[in-house]
Amino acid sequence: MTYVTAVLRTDEPNLMHQAVEEAVRLLREGEVVALPTETVYGLAANALDPAAVTKIFEAKERPTFDPLIVHLPNKDQLDLVAEVPEGIALTVKKLVERFWPGPLTLLLPKKPIVPDIVTAGLPTVAVRVSSNGIFKRIIGALDKPLAAPSANRFGSISPTSASAVLSELDGRIHLIVDAGASLYGLESTIIKIEPGSPKPLITIVRPGPITPDDLKLYGKVKVAIRSVIDGPSDAPGQLASHYAPKTPLRLLERPSDFIPEEGKRYALMSYRGEEKDGYLNLTEWEEVMMLSPGNGKLPEAAVRFFYVLRALDKLGVDEIIAEPLHEHGMGIAMMDKLRRASVRYAS
Ligand code: TXA
Ligand code: MG
């Protein structure tokens, strides 16, 4: 089915009210709507309505083995969709108090009310509460959990603006609610919690804005991002081709490994645009885009990360070369995404 995709602004009070009202109306009717969150834009539908959720998979062309994150109107509704095992109840309570609303997703045993299509038949559900003001208004008015994956076509780059959503889903959905650029620019951190002694065990299955350092107060933190070679990770959506631009991308860990090929056009995704990093003068770049000029700040780089990838992808160069970033804090997530994006072209 094709739709006329409307983009509604929220930067003036009356426009904002209209956009919220229209989004709520569509969601009540069992439609999907692209909504801003503090991480990336999401494609939302009533999580308790399997027919509505099916439309998410259709619009994204997402395989149904890949489960969705359930967003709650507020933290008190956790019990509605998830079972909190006694052995981790205190830890869950502390994490929820500290990080919700915000970019942390918890994997917990699901309650029967959550349709199997949401969790791809898994016994667990991924759940979070978004801190985005517009998202909160919409989900608050609807008062239903919303299933929402990132609002891109399956395997493509996550959208951090309404225009990025439009380029992914134009003609496939009724409405995009535009609330400007995403605050964090990277998808939420997904964790699994297990009882442990002396501390509970927190496993990061998808790195994101909430870092191992942020979590270590609450348990023993393990980052378990499986490489593509190891097979699927605990978050089934993280396939090899994920986050991949259409242009071949290469994460160039050492500048000395680069041998430009005659006649090929290259673009550089530079971390901080510093000559001393050894990348700027490797070749006549068709384009250089920086993530965080100067000293290189990881949260700032994160905000621009998907935007820059998308922009470089549009140039039609032969290859995008990416500089490595510092691999701590939010750099863990970006390096993971760069590795996944470049592996498609390795060997
Ligand atoms: O920040 C975010 O998390 C964004 C915004 C829109 O909330 N959403 C997002 O959704 O990134 P998505 O569908 O693009 O990524 C969700 C990831 C997928 O890798 C999926 O496999 C994993 O979460 N996931 C969902 N439910 C799961 C479950 N029950 N067990 C394991 N992994 C799960
Ligand atoms: Mg996604």
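When a ligand or atom number is given, it counts from 1 through the structure's own listing order. The structure presented is a predicted model; accordingly, all values stated were derived computationally and were not measured.
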Leu122: heavy atom below 4.0 Å from ligand 1, yes or no? yes
Logged contact type for Lys192 with ligand 1, heavy-atom cut-off 4.0 Å, is neither
Atom pair CG/CG of Asn132 and Leu35 - distance to nearest 0.5 Å: 8.5 Å
Qualifying residue, where the test is side chain to side chain donor-acceptor pair (under 3.5 Å) with Ser188 and the options are Thr39, Thr105, Thr37: Thr105
Interfacing atoms of ligand 1 (cut-off 4.0 Å, heavy-atom, Thr39): 1 (O), 2 (C), 4 (C), 5 (C)
Linked, directly or transitively: Leu249 and Trp285 (ILVMFWY side chains, under 4.5 Å): no
Atoms of ligand 1 under 4.0 Å from any heavy atom of Leu68, numbered from 1 in the order shown, are 25 (C), 26 (N)
Using a strict 4.0 Å cut-off to heavy atoms of Ser188, name the atoms of ligand 1 that fall inside it. 1 (O), 2 (C), 3 (O)
Classify the contact between Thr124 and ligand 1 as side chain, backbone, both or neither, using a heavy-atom distance cut-off of under 4.0 Å. both
Of the side chain and backbone of Ala148, name the one, both, or neither that has a heavy atom under 4.0 Å from an atom of ligand 1. backbone
Per-atom filter on ligand 1: closer than 4.0 angstrom to a heavy atom of Pro149 are 6 (C), 10 (O), 12 (P), 13 (O)
Should Ile138 and Val53 be regarded as members of a common hydrophobic cluster, given that ILVMFWY residues are connected when their side-chain heavy atoms come within less than 4.5 Å of each other, either directly or indirectly? no
Atoms in ligand 1 with a heavy atom of Glu187 nearer than 4.0 Å: 1 (O), 2 (C), 11 (O)
Within the stated cut-off of 2.8 Å, is an N/O/S atom of Ser150 closer than that to the Mg ion (ligand 2)? yes
Can Phe57 be reached from Val70 by stepping across I, L, V, M, F, W or Y side chains whose heavy atoms are under 4.5 Å apart? yes
Please list, in number order, the atoms of ligand 1 under 4.0 Å from a heavy atom of Ile69. 3 (O), 8 (N), 9 (C), 10 (O), 16 (C)
List ligand 1 atoms under 4.0 Å from His71, heavy atoms only on the residue side. 5 (C), 7 (O)
Following the transitive rule for hydrophobic clusters with a side-chain heavy-atom cut-off under 4.5 Å over Ile, Leu, Val, Met, Phe, Trp and Tyr, establish whether Phe135 and Val303 coincide in one cluster. no
Using modelled atom types and a 3.5 Å cut-off, is there a donor and acceptor pairing between side-chain atoms of Glu83 and backbone atoms of Pro109? no
Going by the order shown, which atoms of ligand 1 are within less than 4.0 Å of some heavy atom of Asp66? 18 (C), 20 (C), 21 (O)
Does even one non-hydrogen atom of Arg128 get within less than 4.0 Å of ligand 1? yes
Contact region, Val205 to ligand 1, non-hydrogen atoms below 4.0 Å, reads neither
Neighbour count above 12 (heavy atom, 6.0 Å) for Lys110 NZ: yes
Does a sphere of radius 6.0 Å around NZ in Lys93 hold more than 12 heavy atoms from other residues, nucleotides or ligands, not counting ones at 6.0 Å or beyond? no
Tell me, please, which residues at least two apart from Asp213 pass side chain to side chain donor-acceptor pair (under 3.5 Å). Lys216
Got an N/O contact under 3.5 Å between Arg62 and ligand 1? yes
